[in-house]
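Note that this is a predicted model, so its numbers are computed, not measured. Atom set for the values below is all heavy atoms of this structure, side chains included, hydrogens, waters and symmetry mates excluded.
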Amino acid sequence: DLPGYLPSLTQALITHARILAENNRPEDALPVSRQALHASKMLIAHSGEAYLDTYAWALGNHAAVLAKTPDPSHAVQYSGHAVDILTKLVEANRATYLPRLAQALANHFARLVEAADNDGALRVSERTLGICQELVDRDHKIYLPNLAMALNNHGMCLAESDRLEQAEHTCSHAVVLLGELAETDSR
């Protein structure tokens with residue numbers, strides 16, 4: 001039987017690792033993040049796929065922790081694995097997991113940019129754009145900021161790929177959306 005507090009412990013470990021990393025203590029965050037990965041794997045071993053989303057969260061968090069270490073080279077594979085798991089979960093339950101997939105893709109995008117993989121970042125940003133547009137169609141007010149940032153990120157990748165006309169158009173769209181959001185914010 002699943003230990004009653006293991007899900008809560010896993011969440012606490014993920015949060016603790018993230019806070020340590022954000023406080024510029026990646027060397028302290030890394031073992032805590034590894035514990036979170038181990039705990040989330042135990043949840044899956046005991047409950048099957050019911051905790052796959054927690055495992056994906058732990059993977060994405062571990063990638064973020066790794067990105068702050070002196071050797072961030074493995075961060076991309078962890079963030080990519082989180083995307084793969086959430087993609088599978090979206091296939092089973094799109095309404096529930098699509099926002100989580102959008103966030104995982106944004107995080108994976110950041111890891112790819114840090115790794116100077118512009119081709120990979122471009123592919124991920126294109127995918128993220130499509131998902132963010134779908135989310136905006138679902139709930140404009142909540143997801144419009146995500147779409148605006150996805151447009152900005154995609155424009156950056158297009159510019160890095162010397163697709164300057166497309167980059168200009170994409171960034172212009174991002175500026176319009178962010179301008180609308182800033183105007184709404186100031187009211």
Is there a continuous path of hydrophobic side-chain contacts, each under 4.5 Å between heavy atoms, that joins Val136 to Leu105? yes
So OH of Tyr78 and CG of Asn61: to nearest 0.5 Å the spacing works out to 12.5 Å
With a 4.5 Å limit on heavy-atom distance, are the side chains of Pro7 and Leu43 in contact? yes
Ignoring hydrogens, what is the shortest heavy-atom contact between Ile131 and Ala102? Give both atom names and the distance. CG2-CB, 3.8 Å
Evaluate side-chain contact (heavy atoms from CB on, under 4.5 Å) for Val32 paired with Asp28, printing each intermediate quantity in order. CA-CA 7 Å; Val32 176; Asp28 295 329; over 6 Å; no
Please give me the minimum heavy-atom distance between Arg100 and Asp53, naming the atom from each residue. NH2-O, 3.1 Å
Quick check for you: to the nearest 0.5 Å, what is the distance between His173 atom NE2 and Asn152 atom CG? 12.0 Å
Among Met156, His154, His108, which one satisfies side chain to side chain contact (heavy atoms under 4.5 Å, CB included) with Ser125? His154
Looking only at side-chain N and O atoms, does Asn118 offer a donor or acceptor that is under 3.5 Å from a partner on Ser161? yes
Closest contact, heavy atoms only, Ser40 versus Tyr55: OG-CD1, 3.1 Å
Just wondering, are more than 12 heavy atoms of other shown residues or ligands nearer than 6.0 Å to CD in Glu168? no
Distance-only donor-acceptor check, side chains Gln35 and His38, under 3.5 Å: no
Is Tyr51 reachable from Leu13 through a run of hydrophobic residues whose side-chain heavy atoms are each under 4.5 Å from the next? yes
Give me the atom names and distance for the closest heavy-atom approach of Ala95 to Arg138. O-NH1, 3.1 Å
Kindly indicate whether the side chain of Phe109, heavy atoms from C-beta on, has any atom under 4.5 Å from the side chain of Cys157. yes
Between the CG atom in Leu158 and the CG atom in Asn153, the distance rounded to the nearest 0.5 Å is 11.0 Å
Pair Leu129-Leu147, side-chain contact (heavy atoms from CB on, under 4.5 Å): steps then yes or no: CA-CA 7 Å; Leu129 260 178; Leu147 176 60; 3.8 Å; yes
Go through the steps to decide whether Gln11 and Trp57 satisfy the test side-chain contact (heavy atoms from CB on, under 4.5 Å), and finish with yes or no. CA-CA 9 Å; Gln11 291 176 359; Trp57 181 28; 3.4 Å; yes
Would a distance-only check, ignoring hydrogens and angles, find a side-chain to backbone donor-acceptor pair under 3.5 Å from Ser47 to Ile44? no
Do Leu178 and Ile142 belong together in a cluster built from hydrophobic side chains that touch within less than 4.5 Å? yes
Would a 4.5 Å heavy-atom cut-off, applied to side chains only, mark Leu181 and Asp185 as touching? no
Check Glu22 with Lys68, please: is the shortest side-chain N to carboxylate O separation under 4.0 Å? no
So CG of Leu37 and NE2 of His81: to nearest 0.5 Å the spacing works out to 9.0 Å
Any side-chain to backbone donor/acceptor pair from Arg18 onto Val65? Under 3.5 Å, distance only. no
I'd like to know if Arg111 pairs up with Glu114 as an ion pair, taking the criterion as any Lys NZ or Arg NE/NH1/NH2 lying under 4.0 Å from an Asp or Glu carboxylate oxygen. yes
Ignoring hydrogens and angles, state whether a donor on the side chain of Asp71 or Thr69 is under 3.5 Å from an acceptor on the partner side chain. no
Does either side chain, that of Arg127 or that of Thr87, offer a donor lying less than 3.5 Å from an acceptor on the other one? yes
Once you round to the nearest 0.5 Å, how far does CG of Leu30 lie from CZ of Arg34? 4.0 Å
So, the side chain of Thr96 versus the backbone of Asn93: is there a donor-acceptor pair under 3.5 Å, distance only? no
Hydrophobic cluster membership, Leu6 vs Leu52, 4.5 Å side-chain cutoff: yes
Grab the two heavy atoms, one from Thr128 and one from Ala150, that are nearest each other, plus how far apart they are. CG2-CB, 4.1 Å
Verdict with supporting geometry, Lys88 and Glu49, salt bridge (charged side-chain N to carboxylate O under 4.0 Å, His left out): CA-CA 11 Å; Lys88 179 181 175 183; Glu49 295 188 358; 3.0 Å; yes
Do you reckon Val83 sits in the same ILVMFWY cluster as Ile14, going by side-chain contacts under 4.5 Å, direct or chained? no
Would you check if Lys141 and Asp139 make a side-chain contact, meaning some heavy-atom pair closer than 4.5 Å? yes
Do Glu134 and Arg94 have side-chain heavy atoms sitting under 4.5 Å apart? yes
Could you state the interatomic distance from CG (Asp137) to CD (Gln133), rounded to the nearest 0.5 Å? 4.5 Å
Side chain of His16, backbone of Ala12: donor and acceptor closer than 3.5 Å? no
Kindly indicate, with the supporting measurements, whether the criterion side-chain contact (heavy atoms from CB on, under 4.5 Å) is fulfilled by Leu98 and Leu135. CA-CA 8 Å; Leu98 195 62; Leu135 290 169; 3.9 Å; yes
Kindly give the heavy-atom pair with the smallest separation between Ile85 and Leu59, and that separation in Å. CD1-CD1, 3.5 Å
Checking the side chain of Thr170 only, and the main-chain atoms of Ala167 only, is there a donor and an acceptor separated by less than 3.5 Å? no
